[in-house]
Amino acid sequence: MRHTNLTAESAEYLQAREDLRQAEIELMRHRERVAELRRGLPLGPVVDDYTFEEGPADLDAGDTPTRKVRLSELFTAPGRDLVIYHLMYGKQQTRPCPMCTMWIDGLNGVAQHLAQNVDFAVVAAADLPALRQHARNRGWTNVRLLSAGSGAFKYDLASEDAEGNQDSTVSVFARDDSGAVRHVYTTHPRMSEDIDQRGIDLLSPVWHVLDLTPKGRGEWFASLDYLP
């Protein structure tokens with residue numbers, strides 16, 4: 001199969017490109033098998049109806065009044081799942097994580113599309129004014145922002161350790177027929193000792209565009225110093 005109409009592609013190049021195409025096809029098939037396993041997970045345990053703190057929906061309206069909102073109240077309709085991104089910010093993480101910031105930049109951009117199927121929120125250990133100020137700096141006007149405060153939510157989902165160190169984490173929840181909230185799936189960047197920081201890469205197109213190039217990701221690493 002030819003991918004271009006260029007006439008000067010060598011036989012060596014064409015064979016290498018075909019080998020790559022076959023590997024890419026197998027990767028797609030394997031990714032679909034993994035996604036099927038993920039979709040087929042049985043519901044996990046019933047979880048506590050954790051309490052979060054939330055400010056006004058309009059970021060420009062200030063940080064008050066605040067209200068308490070429970071995990072079960074983040075579901076906006078029956079039959080919808082809930083995805084929560086745990087932002088590394090708060091307690092021992094005194095500055096917002098640049099990588100998390102990059103991911104949420106992208107998620108904020110597609111939040112209205114996600115909302116057709118799932119409910120989505122960002123939870124941080126940071127106090128609400130600090131979280132909302134970072135969101136203002138980034139223009140996160142499409143995502144729901146929640147502070148977990150001193151509650152056990154982040155620790156129970158392993159996005160925080162006993163000392164208050166934070167980790168970037170994604171968790172999925174569903175409600176069963178009784179209306180109870182059940183844990184479905186949680187994943188972290190580090191999934192094995194030999195592959196570091198790749199566990200939630202599928203959430204960011206940045207990595208995948210760089211992976212198309214000869215240099216790949218190189219030494220690139222998100223930094224708040226370069227983020228506008």
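Being a predicted model, the structure only gives us computed values, none of them experimental.
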For T94, check side chain to side chain donor-acceptor pair (under 3.5 Å) against everything at least two apart and list the hits.
none

Any sub-3.5 Å donor-acceptor pair from R70's side-chain atoms to D49's backbone N or O?
yes

Will you find, in the side chains of T51 and K68, an N or O donor that is under 3.5 Å from an N or O acceptor?
no

When hydrophobic residues are tied together by side-chain contacts of less than 4.5 Å, even through go-betweens, does V206 share a cluster with Y85?
yes

Any side-chain donor near an acceptor of the partner, H86 and S171, under 3.5 Å:
yes

Atom CD of residue position Q22 - does it have more than 12 heavy atoms of other residues, nucleotides or ligands inside 6.0 Å?
yes

Does some side-chain heavy atom of D105 sit less than 4.5 Å from a side-chain heavy atom of R138?
yes

Measure from the side-chain N and O atoms of D48 to the backbone N and O of Y50, and report whether any donor-acceptor pair falls under 3.5 Å.
no

Rounded distance [0.5 Å steps], CD1 in I200 versus CH2 in W103
4.0 Å

Checking K154 against Q166: is there a side-chain donor and acceptor pair closer than 3.5 Å?
yes

Would you mind reporting whether V47 and L71 have side-chain heavy atoms less than 4.5 Å apart?
yes

Mind checking whether V181 and L43 sit in one hydrophobic cluster, side chains of I, L, V, M, F, W, Y counted as touching below 4.5 Å?
no

Among all residues two or more places apart in sequence or in another chain, which pass the salt bridge (Lys or Arg N to Asp or Glu O under 4.0 Å) test with E54?
R67, R144

Can you see which heavy atom on A130 is nearest to which on Y89, and at what distance?
CB-OH, 3.5 Å

Group every Ile, Leu, Val, Met, Phe, Trp and Tyr by side-chain heavy-atom contacts under 4.5 Å, then state whether F75 and V83 land in the same group.
no

Distance only, no hydrogens: is a donor on one side chain within 3.5 Å (strictly under) of an acceptor on the other, for H188 and S159?
no

About how many Å separate CG of L82 and NE2 of H183, when rounded to the nearest 0.5 Å?
11.0 Å

Pairwise distance CG(L87) to OG(S168) - rounded to 0.5 angstrom:
9.0 Å

I'd like to know if the side chain of T213 and the backbone of L210 have a donor-acceptor N/O pair within less than 3.5 Å.
yes

Counting distance only, does the side-chain N/O of T66 pair as donor-acceptor with the main-chain N or O of E53 below 3.5 Å?
no

Decide yes or no on side chain to side chain contact (heavy atoms under 4.5 Å, CB included) for V170 and I84, but give the supporting numbers first.
CA-CA 6 Å; V170 180; I84 290 182; over 6 Å; no

Heavy-atom closest contact (R175 atom, A77 atom, distance):
NH2-O, 3.2 Å

Enumerate donor-acceptor pairs with a distance under 3.5 Å from any side-chain N or O in residues 56-65 to protein atoms, sequence neighbours excluded.
residue : atom : partner : partner atom : Å
D58     : OD1  : D60     : N            : 3.0
D63     : OD1  : R132    : NE           : 2.9
D63     : OD1  : R136    : NH2          : 2.5

Rounded to the nearest 0.5 Å, the CD1 atom of I104 sits from the CH2 atom of W140 at a distance of 4.0 Å

Side chain N142, main chain V110, donor-acceptor under 3.5 Å:
no

Using the rule that Ile, Leu, Val, Met, Phe, Trp and Tyr join whenever any side-chain heavy atoms are under 4.5 Å apart, tell me whether L114 and V143 fall into a single cluster.
yes

Looking at side-chain heavy atoms only, is the closest gap between T186 and T169 below 4.5 Å?
yes

Common cluster, V118/L107, ILVMFWY with side-chain heavy-atom separation under 4.5 Å:
yes

I'd like a table of donor-acceptor pairs (distance under 3.5 Å, sequence neighbours excluded) in which one partner is a side-chain atom from residues 29-39, with atom names and distances.
residue : atom : partner : partner atom : Å
H30     : ND1  : R33     : NH2          : 3.4
R33     : NH2  : E26     : OE2          : 2.9

What closest approach, in Å, do L145 and A135 show between heavy atoms, and which atom pair accounts for it?
CD1-CB, 3.4 Å

Nearest heavy atoms of C100 and M88, plus distance in Å
SG-N, 3.5 Å

Can you measure from CZ (F173) to CG (L74) and round to the nearest 0.5 angstrom?
9.5 Å

For the atom pair CG (L203) and OG1 (T187), what is the distance rounded to the nearest 0.5 Å?
9.0 Å

Could you list all the salt bridge (Lys or Arg N to Asp or Glu O under 4.0 Å) pairs where at least one residue sits in residues 16-25, not counting sequence neighbours?
R17-E24, E18-R21

Heavy-atom closest contact (L131 atom, A124 atom, distance)
CD1-CB, 4.0 Å

Under the salt bridge (Lys or Arg N to Asp or Glu O under 4.0 Å) rule, collect the residues that match up with D119, sequence neighbours excluded.
R80

Give the minimum heavy-atom separation between P96 and T101, together with the two atoms involved.
CB-OG1, 4.1 Å

Using modelled atom types only, decide if a donor and an acceptor are shared between the side chain of D167 and the backbone of A158 within a distance under 3.5 Å.
no

